[in-house]
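These numbers come from a predicted model, not from an experiment. Residue numbers count from 1 along this sequence.
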Amino acid sequence: MRPATVFAPALVALCLAGGGAQAQKAADPAGIWLTETGDSKVRLSRCGAGYCGTIVSTTGKGLDANNPDPALRTRSVVGVQIVNATSASGDGYSGTLYNPKDGKTYSGSLKITGPNAIEVSGCVMSVFCKRQTWKRVS
């Protein structure tokens with residue numbers, strides 16, 4: 001009976017470790033996400049200690065028409081990095097977000113709210129914030 005009492009705690013520890021790895025994988029925001037408005041898809045990938053996001057598709061003309069740099073206003077937004085959340089912070093990642101709809105860059109954050117959902121938040125003066133929930137595409 002002695003071997004069973006030693007084996008049982010080891011089995012429990014192994015199961016818990018496997019469950020932790022599965023939960024960690026589910027919480028990985030790397031992949032392609034559909035924005036809340038449904039007009040763009042963004043690929044999030046590892047970047048420093050956090051994640052960066054680049055537009056991979058969009059509806060309409062998809063030009064960066066409101067960019068503060070006039071030379072960039074005729075470029076396609078596909079391929080433009082809009083998420084730069086490279087610092088882990090609490091329950092997510094913080095950094096900056098570029099909004100091609102108004103051409104402005106905001107302080108921002110990503111927060112994983114489920115295996116297929118993230119909350120993206122952009123703020124002005126850390127007070128006035130807009131949030132979107134993005135859904136995982138792949």
Side-chain angles (χ1 to χ4, degrees):
M1 290 243 182
R2 181 101 174 117
T5 59
V6 172
F7 180 70
L11 181 60
V12 169
L14 183 62
C15 289
L16 289 175
Q22 183 72 337
Q24 184 179 16
K25 183 175 180 173
D28 182 4
I32 298 177
W33 297 84
L34 182 64
T35 60
E36 188 172 273
T37 57
D39 57 358
S40 297
K41 291 181 184 173
V42 177
R43 179 186 316 276
L44 291 178
S45 55
R46 266 298 196 192
C47 179
Y51 290 86
C52 291
T54 303
I55 297 177
V56 294
S57 70
T58 190
T59 58
K61 291 182 181 181
L63 297 179
D64 199 5
N66 294 310
N67 193 297
D69 181 347
L72 298 177
R73 291 180 184 161
T74 57
R75 76 175 175 174
S76 172
V77 293
V78 173
V80 172
Q81 181 178 319
I82 63 167
V83 176
N84 187 27
T86 57
S87 301
S89 64
D91 57 355
Y93 303 90
S94 63
T96 59
L97 301 171
Y98 173 66
N99 181 357
K101 290 184 178 179
D102 66 11
K104 296 186 183 194
T105 300
Y106 299 93
S107 63
S109 64
L110 294 176
K111 178 181 175 185
I112 301 162
T113 57
N116 296 311
I118 58 172
E119 181 182 87
V120 180
S121 177
C123 302
V124 175
M125 299 184 302
S126 300
V127 178
F128 304 105
C129 300
K130 286 192 176 184
R131 290 175 171 71
Q132 282 193 359
T133 298
W134 292 1
K135 302 291 181 191
R136 185 184 296 273
V137 176
S138 65

task: Report yes if some heavy atom in the side chain of Lys111 is under 4.5 Å from a heavy atom in the side chain of Asp91; otherwise report no.
output: yes
query: Do Leu72 and Val80 touch side chain to side chain, with heavy atoms closer than 4.5 Å?
result: no
- line: For Ile32 and Val56 the tightest heavy-atom approach is CG2-CG2, 4.2 Å
- prompt: Is there a side-chain contact between Arg46 and Tyr51, using heavy atoms and a 4.5 Å cut-off?
  reply: yes
- prompt: Counting N and O atoms only, with roles assigned by atom type, does the side chain of Arg136 sit under 3.5 Å from a partner on the main chain of Ala30, one being a donor and the other an acceptor?
  reply: yes
message: Within the 4.5 Å heavy-atom criterion, are Cys52 and Val83 side-chain neighbours or not?
response: no
task: Measure the OG-CG distance between Ser107 and Asn84 for me, rounded to the nearest 0.5 Å.
output: 12.5 Å
query: Do you know which two heavy atoms are closest between Lys135 and Ala117, and how far apart they sit?
result: NZ-CB, 4.2 Å
message: Show the nearest heavy-atom pair for residues Tyr106 and Cys123, with the distance to one decimal.
response: CB-O, 3.6 Å
message: Ignoring hydrogens, what is the shortest heavy-atom contact between Pro29 and Ile112? Give both atom names and the distance.
response: CD-CD1, 3.7 Å
message: I'd like to check Ile55 versus Pro100 (side-chain heavy atoms, cut-off strictly below 4.5 Å). Are they in contact?
response: yes
- prompt: Are any non-hydrogen side-chain atoms of Val120 and Glu36 less than 4.5 angstrom apart?
  reply: no
message: Apply side chain to side chain contact (heavy atoms under 4.5 Å, CB included) to residues Leu44 and Leu110 and explain how you reach the verdict.
response: CA-CA 10 Å; Leu44 291 178; Leu110 294 176; 4.2 Å; yes
Check: Ser109 main-chain N/O paired with Ser121 side-chain donor or acceptor under 3.5 Å: no
- line: Taking every heavy atom of Glu119 against every heavy atom of Thr113, the minimum-distance pair comes out as CB-CG2, 4.0 Å
Criterion side-chain contact (heavy atoms from CB on, under 4.5 Å) against Val78, the qualifying member of Thr58, Asp64, Leu63: Thr58
task: Side-chain contact test, heavy atoms from C-beta onward, threshold under 4.5 Å: evaluate it for Asp39 versus Lys101 and give yes or no.
output: yes
query: Can you find a pair of side-chain heavy atoms, one from Arg75 and one from Asn67, that are under 4.5 Å apart?
result: yes
- prompt: When rounded to the nearest 0.5 angstrom, what is the spacing between OG1 in Thr74 and NZ in Lys61?
  reply: 12.0 Å
message: Using every non-hydrogen atom in the two residues, find where Val42 and Thr35 come nearest and quote the distance to one decimal.
response: CG2-CG2, 4.1 Å
